[in-house]
K.L.:
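Quick one: the structure is below, and I'll ask about it shortly.
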There are 2 protein chains.
Amino acid sequence: MKEPNSPDSPLADLCRQRGLKLTGQRRTIAFVLSDSDDHPDVEELYRRAVEVDPRISIATVYRTVRLFEENGILQRRDFGGGRARYEVADGDHGDHYHLIDADTGKVIEFENTELDSLLEGIVRQMGYDLVTTRLSVVGRTKAKTRSRG
Amino acid sequence: MKEPNSPDSPLADLCRQRGLKLTGQRRTIAFVLSDSDDHPDVEELYRRAVEVDPRISIATVYRTVRLFEENGILQRRDFGGGRARYEVADGDHGDHYHLIDADTGKVIEFENTELDSLLEGIVRQMGYDLVTTRLSVVGRTKAKTRSRG
DNA sequence: ATTGCAAATGATAATCTTTCTCATTATCAC
DNA sequence: GTGATAATGAGAAAGATTATCATTTGCAAT
């Protein structure tokens, strides 16, 4: 019925690799996530998923997102605003970080190897192995002419 | 009735300095916060505040905590677990950061000037002025003998 | 010290996000 | 294809936070 070489999204494959049952809904959500390069919250994911398969439930999106996070496929982020936001987890290469525009709320990703190793060193010196880094810096554009707040 | 040199807590003074009306409840909450060197959530703050003044309402704690945060007196933190936790905001000196023990959930504070300036530099290079840094690293004690996770 | 007014409070309802329940449906190994 | 097992849908429930509104309080001017 379907050729052996899967036409599935990278995340759907990852899902299978982790031994998770690959249901239609999970395939849809995995596709939507693979297709996203921003940081959607659950409601936004639900909206996008419904576009692909209208009979999906928001409860399933919550469930799947949690499952994917527990399996290292997704990372949960908190940028304020009260709801969790998600993005595809980084691979073997270093973490990436987030700069949040204080005025617009826009999220800008960045990487920095010096930061990677500095953090790793600090944590090691404290007697720990680094598991996760959660870093977001809030900044305000210099450009904006402000009346000396 | 009361001497001019206030016997209020440092945070109560700060509250007055910011032009906020200093009510009995705010004085109590400010005292409790000045007295805390951990990262209590609202319910825990409420518990401590009630010890001082039993007729305080949890709604007021929520309101006050929000007010203090908006005025730079408190900082809200998210260490996972679904509820916001608060701590007194840093003064002029550099921010401090948090290391969270992956196994116990214990929060360990640390400072690092190299990290301060590296972050400042990165943000500046991206065209922003640094407003806030939210950094928590999750780590696992090396000591713990684990069967090669 | 008293008064007046705007703002804060208490108690609870309402809201918002997330999780749970349970009957139905779909997946995967055989 | 069949069956056991797990996933889903829809809505209820839970947990955290905010809003409502009548009453009380702080504070500035008197």
Side-chain angles (χ1 to χ4, degrees), chain A residues 1-2 4 6 8 12-13 15-32 39-47 49-50 52-71 73-86, chain B residues 1-2 4 6 8 12-13 15-32 39-47 49-50 52-71 73-86:
Chain A
M1 233 159 231
K2 213 175 235 185
S6 79
D8 281 334
D13 290 335
C15 185
R16 217 191 319 249
Q17 276 172 40
R18 301 287 159 97
L20 303 173
K21 197 182 276 189
L22 191 52
T23 67
Q25 289 87 338
R26 287 182 187 168
R27 200 189 313 263
T28 298
I29 294 167
F31 166 77
V32 165
H39 312 82
D41 57 31
V42 169
E43 204 130 0
E44 178 60 28
L45 279 177
Y46 174 59
R47 251 176 259 129
V50 162
V52 180
D53 176 2
R55 60 190 170 155
I56 211 165
S57 156
I58 192 162
T60 298
V61 180
Y62 271 105
R63 271 190 287 240
T64 303
V65 133
R66 184 149 55 109
L67 180 77
F68 282 4
E69 197 208 347
E70 283 164 356
N71 283 273
I73 296 172
L74 280 186
Q75 280 191 306
R76 187 203 310 234
R77 299 288 183 186
D78 169 52
F79 298 143
R83 33 190 168 201
R85 296 169 67 173
Y86 292 87
Chain B
M1 236 161 234
K2 213 175 238 184
S6 80
D8 280 334
D13 290 335
C15 184
R16 218 190 319 250
Q17 276 172 40
R18 300 287 158 94
L20 304 174
K21 197 183 276 191
L22 190 53
T23 67
Q25 288 86 338
R26 288 182 187 169
R27 199 190 313 264
T28 298
I29 295 167
F31 166 76
V32 165
H39 312 81
D41 57 31
V42 170
E43 203 128 3
E44 178 59 29
L45 278 176
Y46 173 60
R47 250 175 261 130
V50 163
V52 181
D53 176 1
R55 58 190 172 157
I56 211 165
S57 158
I58 192 162
T60 298
V61 181
Y62 270 105
R63 272 189 287 240
T64 303
V65 135
R66 184 149 55 110
L67 180 77
F68 283 5
E69 198 207 346
E70 284 164 356
N71 283 273
I73 296 173
L74 280 186
Q75 280 191 309
R76 188 203 308 236
R77 299 290 182 185
D78 169 53
F79 298 141
R83 32 191 169 202
R85 296 169 65 173
Y86 292 87

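Residue numbering restarts at 1 for every chain, and letters A, B, ... go by the order of the sequence lines.
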K.L.:
Taking the six-membered ring for Trp, are the ring centroids of B/Tyr86 and B/His39 within less than 6.0 Å of each other?
P.N.:
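Here the rings of B/His39 and B/Tyr86 have centres that are no less than 6.0 Å from each other.
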
K.L.:
Send over the distance from B/Glu70 CD to D/dT17 P, rounded to a whole Å.
P.N.:
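Rounded to whole Å, this separation is 15 Å.
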
K.L.:
State, with a plain yes or no, whether a side-chain heavy atom of A/Ile73 is found less than 4.5 Å away from one of A/Arg18.
P.N.:
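Yes, close enough: below the 4.5 Å cut-off.
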
K.L.:
Figure out the CG/C1' separation between B/Leu45 and D/dA16, and round it to whole Å.
P.N.:
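It is 14 Å, rounded to the nearest whole Å.
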
K.L.:
Between B/Arg85 (CZ) and D/dT17 (P), how many Å, whole number?
P.N.:
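Value for this atom pair: 12 Å.
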
K.L.:
Are B/Arg77 and B/Gln75 close enough that a side-chain donor and a side-chain acceptor fall under 3.5 Å?
P.N.:
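On atom types as modelled, these side chains qualify, holding a pair under 3.5 Å.
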
K.L.:
Rounded to whole Å, how long is the line connecting atom CG of A/Asp78 with atom P of D/dT17?
P.N.:
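Result: 12 Å.
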
K.L.:
Indicate yes or no: does B/Arg76 engage B/Asp78 in a salt bridge with an N to O separation below 4.0 Å.
P.N.:
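A salt bridge is absent here (no side-chain N lies under 4.0 Å from a carboxylate O).
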
K.L.:
Roughly how many Å is it from OH in A/Tyr46 to C1' in D/dG11, rounded to a whole number?
P.N.:
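These atoms are roughly 13 Å apart.
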
K.L.:
Atom OH of B/Tyr46 and atom CG of B/Asp41: how far apart are they, to the nearest 0.5 Å?
P.N.:
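Answer for the OH-CG pair, B/Tyr46 versus B/Asp41, is 13.5 Å.
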
K.L.:
Would you mind building the protein contact string for nucleotides 16-27 of chain C? One character per nucleotide, 5' to 3', B for base within reach (heavy atoms under 4.0 Å), S for sugar-phosphate only, - for untouched.
P.N.:
-SBBBB-----B

K.L.:
Does a nitrogen or oxygen in the side chain of A/Thr60 sit under 4.0 Å from OP1 or OP2 of D/dG9?
P.N.:
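So the side chain of A/Thr60 is within the cut-off, an N or O lying under 4.0 Å from OP1 or OP2 of D/dG9.
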
K.L.:
Is any NZ, NE, NH1 or NH2 atom of the basic residue among A/Arg27 and A/Asp53 found under 4.0 Å from an Asp or Glu carboxylate oxygen of the other?
P.N.:
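Salt bridge between A/Arg27 and A/Asp53, a charged N being under 4.0 Å from a carboxylate O: no.
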
